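Lettering follows sequence order; numbering is per chain, from 1. Bear in mind the structure is a predicted one, so any value in this text is a computation, not a measurement.
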Amino acid sequence: MKHLTEEELIGYREGETTQREAIAEHLTSCTACRTELERIEAVLSALDHLPVPERGPEYGRAVWQQIAPRLPERAGRGWRTWLEPRRWVAIGAMAAMVVAAFVAGRWTKKPDAGPMAASVAQVRERVLVVAVGDHLGKSEMVLMELANAAPPASGPKQINISAEQQRAEDLLDANRLYRETAEQNGDRALADVLDDLERVLMDVAHSPQEITPAKLESLQKRIEAHGILFKVRVVGKELQEKQNKTNSAPAQTESKARERNKA
Amino acid sequence: MSEFGHPHLTAKPVSCLMIQMSESAGSTQDREALRNAARESDAIAVERTLAGERDAFRVLVERHSQQLFRLAYRMTGNEHDAEEVVQEAFLRAYRNLGQFGSRANFGTWAYRIAANYAIDRMRQKRVEDTRRQTPSSLAEEQEQDPLDLVPDERPTPDRLAGNTELRKKMEEALKELSSSERTAFVMRHWEGCAIEEIAAVLKSTTSAAKNTVFRSVQKLRRALEPYVGARGRLEAKAACAAPEPRGTEL
């Protein structure tokens, strides 16, 4: 009987397509060739156990942080980008925040410079808290809709998520601004949650408009994997509590002022 | 699962990238759907990056970093070099994104860039190492007795990997391969890439790529069989009788 060559055995072990059936047949009847293959297998199995150091789920983000500053600007749509409606949503949100903070600052103006500065800062913080709270609420709605979406029992196989995608895209720009503001304010916890949210929103925004049930499931799994809905809810609740506290604080100061004036 | 229990190796080779992306998916249909979803999402991210949205590239980086690291580590055998390969691969991909055909698969393309850069890096390192290596250190390495590397107890694959000496020997054997051989072995054996993909990275014909895979396995076998081969004999002996004291004929 003609035995198999080492090349044939290695090729067979490494998934070679040609003559597989003939080789397999020979192996069932030839002990010598089978032993030879087992010896090759022993070496390759040992190599299979050579470990690769684990890189956690944050590795992709770390790589991005390393390379992002080194990426050159790409000449894209340029100024046309700023004419897109979704940009105007973000710009509008930011402008509304600035105006609200300015008006609130004027309205709460007091003759005493110290309390006035503190009050303006408080109002600004309150405006930011309200705006971010509102943003998180909207984001939660979009993610909830996607997380609970189910393919139709009958009808077209494709699921249209263009509405959610559009909203995610609109929220993306505002999210970026709030994240940067939170980073500037040193609010690391909020910045981290907004960073996670940004990635999920980006994922949704970059999905095709019409997706298959399997794609929807994969998107839902990605939302679930980030645990973002839970994080958004927790931070949203914290912001709500913060808002309630800051709402009650000025009422106390006003009543104190009235008492002072009476005296 | 293939005939010999290797999950990546089937009679019909498929794209290595596809296997990795769908490892966690259930049915074949699910896997196919996941592959298509990832590909479409990649294509949109590429389009947006080209349109000037730099942040869209982040999606691609976050999605493909892990798998590029695994490839880079297996090719370079070094964490620091592997991380450098991953970063450089993405930087090169970003700079050359204009040349990337929209119909192609971004993952496969980035994979090739990483593999090519890793080859360059390995070649460069090999030259540096040769310059640094002294004749005395070479002699020391050759004096090591293979029997010293055979574990005392009956080894299991896990224990084999845990055996520092054997692990060192395997790493050395991989280092002894030429950069093309190592690339071919990593891509074929660990990453399950099709011969065509390996040929594209090595810039060779498919038959030449096939030969390179064969040569790499043959070299590894020659280098490691004296140590790993003992495992089979040890196990066979242990199954029939009490363990022999160390140093007896196996």
Asker: For the atom pair CG (A:L27) and CG (A:L9), what is the distance rounded to the nearest 0.5 Å?
Answerer: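 Those atoms lie 6.5 Å apart.
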Asker: Classify the ring geometry of B:F57 against A:W64: parallel below 30°, tilted from 30° to 60°, perpendicular beyond 60°.
Answerer: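 B:F57 and A:W64: tilted rings.
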Asker: Within this structure, what is the CG-NE2 distance for the pair A:L171 and A:H135, rounded to the nearest 0.5 Å?
Answerer: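 If we round to the nearest 0.5 Å, A:L171:CG and A:H135:NE2 are 5.5 Å apart.
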Asker: At a 4.5 Å cut-off on heavy atoms, which part of A:I10 comes close to chain B: side chain, backbone, both, or neither?
Answerer: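 Only the side chain of A:I10 comes within 4.5 Å of chain B.
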Asker: Go through A:E38, A:Q66, A:M202, A:E7 and name the one with the most non-hydrogen pairs under 4.5 angstrom from chain B.
Answerer: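 Looking at each of A:E38, A:Q66, A:M202, A:E7 in turn, A:E7 comes out on top.
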Asker: Taking the six-membered ring for Trp, are B:Y111 and B:H64 closer than 6.0 Å centroid to centroid?
Answerer: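 Centroid distance B:Y111-B:H64: not below 6.0 Å, so no.
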Asker: Under the 3.5 angstrom rule, does the side chain of B:R182 hit a backbone N or O of B:L177 as a donor-acceptor pair?
Answerer: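 No, the answer is negative, given that no donor and acceptor are paired below the 3.5 Å cut-off.
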Asker: Non-hydrogen atoms of chain A under 4.5 Å away: do they reach the side chain of B:L174, the backbone, both or neither?
Answerer: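 It is the side chain, since no backbone atom gets that close.
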Asker: Is B:D55 close to chain A through its backbone or its side chain, or both, or neither, when contacts mean heavy atoms under 4.5 Å?
Answerer: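 Both backbone and side chain of B:D55 come within 4.5 Å of chain A.
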Asker: Give, as side chain, backbone, both or neither, the part of B:Y73 having an atom under 4.5 angstrom from any heavy atom of chain A.
Answerer: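 For B:Y73, the side chain is the part near chain A, not the backbone.
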Asker: Quick one: what part of A:E198 sits under 4.5 Å from any heavy atom of chain B, side chain, backbone, both or neither?
Answerer: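 A:E198 touches chain B through side-chain heavy atoms alone.
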Asker: Find out whether the Lys NZ or Arg CZ of A:R20 is both under 6.0 angstrom from the six-membered ring centre of A:Y12 and within 45° of the ring's axis.
Answerer: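 Positive - A:R20 is close enough to the ring of A:Y12 and near enough to its axis.
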Asker: Of all of B:Q218, B:R74, B:E88, which one pairs up most often with chain A through heavy atoms under 4.5 Å apart?
Answerer: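 Looking at each option in turn, the highest pair count goes to B:Q218.
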Asker: Give, as side chain, backbone, both or neither, the part of B:A56 having an atom under 4.5 angstrom from any heavy atom of chain A.
Answerer: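 Contact with chain A involves both backbone and side-chain atoms of B:A56.
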